[in-house]
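Below, read A as the first sequence line, B as the second, and so on, with proteins coming before strands; counting in each chain starts at 1.
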2 protein chains.
Amino acid sequence: MARRDRGRGERTRDALRAAAYRLFLRDGYDGTPVARIAAEAGVSHMTFFRHFPTKEDVVLRDDHDPLLERLVRERPPGEPPVARVRAAVALALPEVYARERENLLLRARLILDAPALRRRMGDSMRGSQDAFERGLAPGSPDDPPLAVRAVAAACTAALAEAVTAWARDGGTGHLPDLADEALAALQDRPGERA
Amino acid sequence: MARRDRGRGERTRDALRAAAYRLFLRDGYDGTPVARIAAEAGVSHMTFFRHFPTKEDVVLRDDHDPLLERLVRERPPGEPPVARVRAAVALALPEVYARERENLLLRARLILDAPALRRRMGDSMRGSQDAFERGLAPGSPDDPPLAVRAVAAACTAALAEAVTAWARDGGTGHLPDLADEALAALQDRPGERA
DNA sequence: TCCCTGGATGTTAGTGGCTAACACGTTAGT
DNA sequence: ACTAACGTGTTAGCCACTAACATCCAGGGA
């Protein structure tokens with residue numbers, strides 16, 4: 001009870017995810033039926049869907065959100081909201097990038113060339129968007145004002161473009177720089193940059 | 001040859017869309033199989049898919065993009081890019097709103113309460129996003145720079161939040177105002193607005 | 001006028017994502 | 001051990017979507 005229950009359930013879930021990535025890499029997303037993933041993980045078709053609501057969800061998940069929320073909240077509330085998000089990302093991303101570059105790139109590439117996944121990229125960033133909302137409007141837990149929603153959605157979309165650009169040419173660039181560039185573009189004033 | 005070919009093809013397409021909306025309203029999106037839509041329109045199952053690549057596409061399409069592109073391009077390039085988009089939307093939306101309020105609301109409500117559609121809302125605004133990109137970067141037709149992509153994606157996302165907020169409480173508010181509020185939130189400087 | 005070529009449509013037969021219903025085994029708390 | 005709960009398996013089925021091939025219809029040229 002003390003430690004997270006991490007029982008058989010979690011283990012099957014991990015096995016499924018691992019099997020899925022292995023097969024996606026080898027045969028492509030569309031070329032890999034759920035049934036095959038389940039077989040590879042040694043479980044049945046149905047067990048897969050008990051762990052992931054849809055096939056797409058095996059890929060589209062992400063966990064570094066609480067950190068972002070905290071960082072956004074800690075920026076001075078006087079700052080323009082986009083600037084707060086930008087600063088938070090500038091603090092959080094380099095570390096995540098250093099630690100998980102390979103993982104991020106693999107996921108991004110999968111998403112990019114599976115149409116079904118690209119369509120749902122929005123979902124894959126839903127977590128970050130929520131984190132931004134909570135960080136920007138700590139008061140209204142459930143129903144943030146439109147302005148806050150708009151800023152959170154906009155920054156998330158800009159970040160998605162950065163990730164896309166990064167993955168499109170094979171992870172050549174430095175993701176944290178690209179992300180900062182994307183968010184900076186939202187703030188540009190006449191006279192600044194080019 | 002002179003006038004747009006608007007032959008049988010276009011008519012079936014329209015019939016399909018009309019049938020789809022009628023049935024979606026009555027039975028809900030998930031409660032309406034494609035086969036039924038086709039039957040209602042007097043054509044076969046397959047004909048549906050020849051006109052719409054997916055069931056979702058019957059709802060997720062939109063045509064007022066060329067106007068947006070022109071308006072964005074006509075704003076002084078010295079202005080910050082978000083401001084250009086904001087101004088263009090402020091010019092274009094009121095007219096569209098006056099003319100098609102009912103249609104917009106219906107579509108938005110359908111999208112809101114069909115999970116399959118909500119997931120793909122990004123796609124439904126893909127057209128506007130492209131229009132913003134072309135308007136902001138008239139030079140690079142095919143591969144706009146990251147900053148342009150980021151701004152276009154961000155503004156599109158902010159607009160989507162406005163539409164969502166508008167439809168969520170039944171179209172009570174004034175959509176053009178909400179849209180402007182959402183885009184303004186991206187520009188807020190310390191000292192302005194609360 | 002007749003043909004005949006191309007586009008829109010129909011038919012059939014799949015594949016594969018996803019759900020429902022129900023039975024079974026293993027594990028945990030008592 | 002007893003039982004309750006949970007994870008799992010089996011089966012059966014719905015539906016979105018695709019492929020392959022047949023058909024029908026309009027319009028242009030012989």
Side-chain angles (χ1 to χ4, degrees), chain A residues 1-21 23-24 26-61 110-111 114-120 123-124, chain B residues 1-21 23-24 26-61 110-111 114-120 123-124:
Chain A
M1 198 205 301
R3 69 164 57 196
R4 189 65 151 292
D5 234 52
R6 183 147 206 88
R8 186 175 39 157
E10 304 275 329
R11 259 181 293 112
T12 353
R13 185 195 217 73
D14 292 346
L16 279 167
R17 204 188 321 256
Y21 271 86
L23 294 177
F24 288 166
R26 205 188 60 192
D27 304 329
Y29 180 85
D30 283 324
T32 309
V34 167
R36 188 137 48 208
I37 302 175
E40 176 91 2
V43 296
S44 96
H45 180 165
M46 275 307 301
T47 297
F48 178 94
F49 285 108
R50 281 198 261 267
H51 286 280
F52 302 96
T54 77
K55 180 184 176 187
E56 294 148 7
D57 286 284
V58 193
V59 182
L60 305 170
R61 289 301 159 185
L110 273 179
I111 294 177
L117 292 176
R118 212 175 334 161
R119 285 191 189 112
R120 287 197 50 195
D123 283 26
S124 99
Chain B
M1 195 207 297
R3 67 163 56 197
R4 188 64 149 293
D5 235 54
R6 183 151 205 84
R8 187 175 38 156
E10 305 274 328
R11 260 182 291 114
T12 334
R13 186 195 218 74
D14 292 346
L16 280 167
R17 204 188 322 257
Y21 271 86
L23 294 176
F24 289 165
R26 204 187 62 190
D27 303 330
Y29 180 84
D30 282 324
T32 308
V34 167
R36 187 136 48 205
I37 302 175
E40 177 91 2
V43 298
S44 95
H45 180 168
M46 274 307 301
T47 297
F48 179 94
F49 285 108
R50 280 199 261 270
H51 286 281
F52 302 96
T54 77
K55 179 183 176 187
E56 294 148 6
D57 287 284
V58 193
V59 182
L60 305 170
R61 289 302 159 183
L110 273 179
I111 294 177
L117 292 176
R118 212 176 334 161
R119 285 191 190 111
R120 288 197 48 197
D123 282 25
S124 98

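In this structure a side-chain-to-backbone donor-acceptor pair under 3.5 Å is missing from B/Thr47 to B/Val43.
Side chain to side chain, B/Arg120 and B/Thr54 meet the donor-acceptor criterion of an N or O pair below 3.5 Å.
Near DNA chain C, meaning a heavy atom under 4.0 Å from it, residues 30-38 of chain A has A/Thr32, A/Pro33, A/Val34 in order of number.
Contact between A/Pro33 and A/Gly31 at its shortest, heavy atoms only, is CD-O, 3.5 Å. When all heavy atoms of A/Asp57 and A/Pro53 are compared, the pair lying nearest together is OD2-CG, 3.7 Å.
Distance A/Phe52 CZ to D/dG7 P: 14 Å, rounded to the nearest Å. Distance CE (B/Met46) to P (C/dA8): 13 Å, rounded to an integer number of Å. Distance NE2 (B/His45) to C1' (C/dT12): 12 Å, rounded to an integer number of Å. Separating the CZ atom of B/Phe48 from the P atom of C/dT11 is a distance of 18 Å, rounded to the nearest angstrom. A straight line from CZ of B/Arg119 to C1' of C/dC18 spans 11 Å, rounded to a whole angstrom. The separation between B/Lys55 atom NZ and D/dC17 atom C1' is 12 Å, rounded to whole Å. A/Phe49 has its CZ atom 17 Å from the P atom of C/dA21, to the nearest Å. What separates NE2 of A/His51 from C1' of D/dC6 is a distance of 10 Å, to the nearest Å.
Phosphate contact (OP1/OP2 of C/dT11, side-chain N/O of B/Ser44, threshold under 4.0 Å): absent. Look at B/Thr12 and you'll find a side-chain N or O under 4.0 angstrom from OP1 or OP2 of C/dT9. Between B/Thr54 and D/dA16 there is no side-chain N or O to OP1 or OP2 distance below 4.0 Å.
Residue whose closest nucleotide on DNA chain C sits further toward the 5' end, between A/Arg50 and B/Arg50: B/Arg50.
Of the residues B/Val34, B/Ile37, B/Val58, the one that meets the side-chain contact (heavy atoms from CB on, under 4.5 Å) test with B/Phe52 is B/Val58.
Rounded to 10 degrees, the angle separating the terminal axes of the helix from C/dT1-D/dA30 to C/dA28-D/dT3 is 0°, with each axis obtained from five end pairs.
Taken from NE2 in B/His51 to CG in B/Leu16, the straight-line distance is 6.0 Å, to the nearest 0.5 Å. Remark: B/Arg17 CZ to B/Phe24 CZ distance equals 11.5 Å, nearest 0.5 Å.
Side-chain atoms of A/Ile111 and A/Tyr29, non-hydrogen and from C-beta on, never get closer than 4.5 Å to each other.
Residue pairs satisfying the salt bridge (Lys or Arg N to Asp or Glu O under 4.0 Å) criterion with at least one member in residues 27-49 of chain A, sequence neighbours excluded, are listed as follows: A/Arg22-A/Glu40.
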